[in-house]
Amino acid sequence: MPELPEVETIRWDLTKDVKGKRIRDVEILNAKVIKEPKPAQFKSRLKGVCFVDFLRRAKVLGIRLSSGEYLVVHLRMTGQLVYSACKEEKARVIFTLSDGKFLNFNDQRLFAELRLVKDWQDLKFLRQLGPEPLEKDFTEPRFRQMLKGKKTKIKPLLMDQGFIAGIGNLYAQEALFLAGICPARAANALKVQEIKKLYQAIKQVLQEGIRYRGSSIDNYVNGRGKRGQYHLRLKVYGRDGEPCLTCKARIKKIQLAGRGTCFCPRCQK
DNA sequence: CGGGGCTCCTGTGCGC
DNA sequence: TGCGCACAGGAGCCCC
């Protein structure tokens with residue numbers, strides 16, 4: 001499941017590999033992934049256009065085009081953007097580039113979305129997003145302020161994109177483990193010291209996720225079709241029943257807001 | 001306005 | 001062995 005670190009990794013790869021290249025052709029193999037405009041429009045407005053810049057906000061990739069428009073990509077659960085010398089069999093949309101190679105948009109579960117829009121910042125989802133956790137304006141005092149009056153459990157809150165951008169189920173669980181906080185705690189019940197720890201933990205897990213080029217738990221691959229390494233360093237995600245790497249207690253799994261949540265009942269209070 | 005639960009979708013892995 | 005079902009999850013949406 002591509003979260004902030006995975007999307008950021010793809011952004012880097014595509015910046016290196018396809019920035020400045022031209023779209024020679026667009027092949028739509030499954031039109032369901034194209035949310036706007038209509039497939040014929042989508043095709044004609046993309047043909048002959050260059051990739052100018054690759055931007056990211058939350059888990060969303062915004063590709064600025066020479067036409068002034070933006071190709072907006074949300075990978076959701078199983079989406080992939082892979083630059084390759086060949087067309088991939090599982091591709092839903094294939095962009096043929098000016099270098100004769102291909103940008104494959106794959107998506108097993110058909111949850112991912114492509115959009116071609118005038119200005120991606122205008123998209124409702126983007127306008128409603130919370131702060132970027134790795135940007136300078138996300139400060140500890142601001143985080144403390146954000147948590148005030150939030151009765152929600154801390155873990156679902158961290159996954160709320162309107163509260164803070166880019167964190168999903170994996171990094172939320174890892175950050176809470178690192179901070180020693182139980183995922184079911186009420187957000188407004190966190191002490192100042194705990195907020196500080198969580199603030200640092202959020203930044204740390206996201207930065208490490210980027211450094212290790214993402215977590216390939218499900219089917220995530222980077223812009224070159226390679227798996228990440230961060231899933232090898234996970235402390236709690238997907239480790240229910242296994243011993244805690246710190247204290248050896250059994251990692252527990254509970255449901256929070258309908259999502260599986262692993263934590264160490266001894267280390268996380 | 002907030003929170004819970006359902007929905008979209010398909011591959012995987014379990015139990016019988 | 002094979003079938004059927006639960007589960008995985010990001011975010012929109014409905015409902016209370």
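Residue numbers start from 1 in every chain, and the chains themselves are labelled A, B, ... in the order their sequence lines are given, proteins ahead of strands.
- When rounded to the nearest whole Å, the span between CD of A/Glu113 and P of C/dG10 equals 14 Å.
- Among the heavy atoms of the strands, none lies under 4.0 Å from A/Thr78.
- Taking atom CE on A/Met77 and atom P on C/dG10, their separation rounds to 5 Å, with Å as the unit.
- When the P atom of C/dG12 is taken as reference, atom CD of A/Gln161 falls 9 Å away, rounded to whole Å.
- Set against B/dG3, C/dA11, B/dC9, the side chain of A/Leu110 has B/dC9 as its closest nucleotide.
- DNA chain C is contacted by both A/Phe111 and A/Gln128; A/Phe111 maps to the nucleotide lying nearer its 5′ end (nearest heavy atom per residue).
- Between the side chain of A/Asp107 and the backbone N or O of A/Ala112, at least one donor-acceptor pair lies under 3.5 Å.
- The backbone N or O of A/Cys262 lies less than 3.5 Å from a partner atom in the side chain of A/Gln173, making a donor-acceptor pair.
- In this structure, A/Tyr237 reaches the sugar-phosphate backbone alone: every heavy-atom distance under 4.0 Å involves primed, P, OP1 or OP2 atoms, never a base.
- Here the P atom of nucleotide B/dC8 and the NE2 atom of A/His74 are 19 Å apart, to the nearest Å.
- One interatomic measurement links the two molecules: CD of A/Gln255 to C1' of C/dA8, which rounds to 10 Å at whole-angstrom precision.
- Taking the six-membered ring for Trp and thresholds of 30 and 60 degrees, A/Trp120 and A/Tyr70 have nearly parallel ring planes, at less than 30 degrees apart.
- Residue A/Lys253 places at least one side-chain N or O closer than 4.0 Å to OP1 or OP2 of C/dA8.
- With hydrogens and angles left out, the side chain of A/Arg259 and the base of C/dA8 share no donor-acceptor pair within 3.5 Å.
- Residue A/Gln108 places its side chain closer to B/dT10 than to any other of C/dA11, B/dT10, C/dC13.
- Using a 4.5 Å cut-off on side-chain heavy atoms (C-beta onward), A/Leu245 and A/Phe177 make no contact.
- Neither OP1 nor OP2 of B/dC8 sits under 4.0 Å from any side-chain N or O of A/Lys32.
- For the residue pair A/Gln204 / A/Glu208, a side-chain donor-acceptor distance below 3.5 Å is found, with atom types taken as modelled.
- The CD1 atom of A/Ile167 sits 12 Å away from the P atom of C/dA11 (whole-angstrom rounding).
- B/dC9 atom C1' lies 11 Å from atom CG of A/Asn30, rounded to whole Å.
- For A/Arg76 and B/dT10, the CZ to P distance is 15 Å, given to the nearest whole Å.
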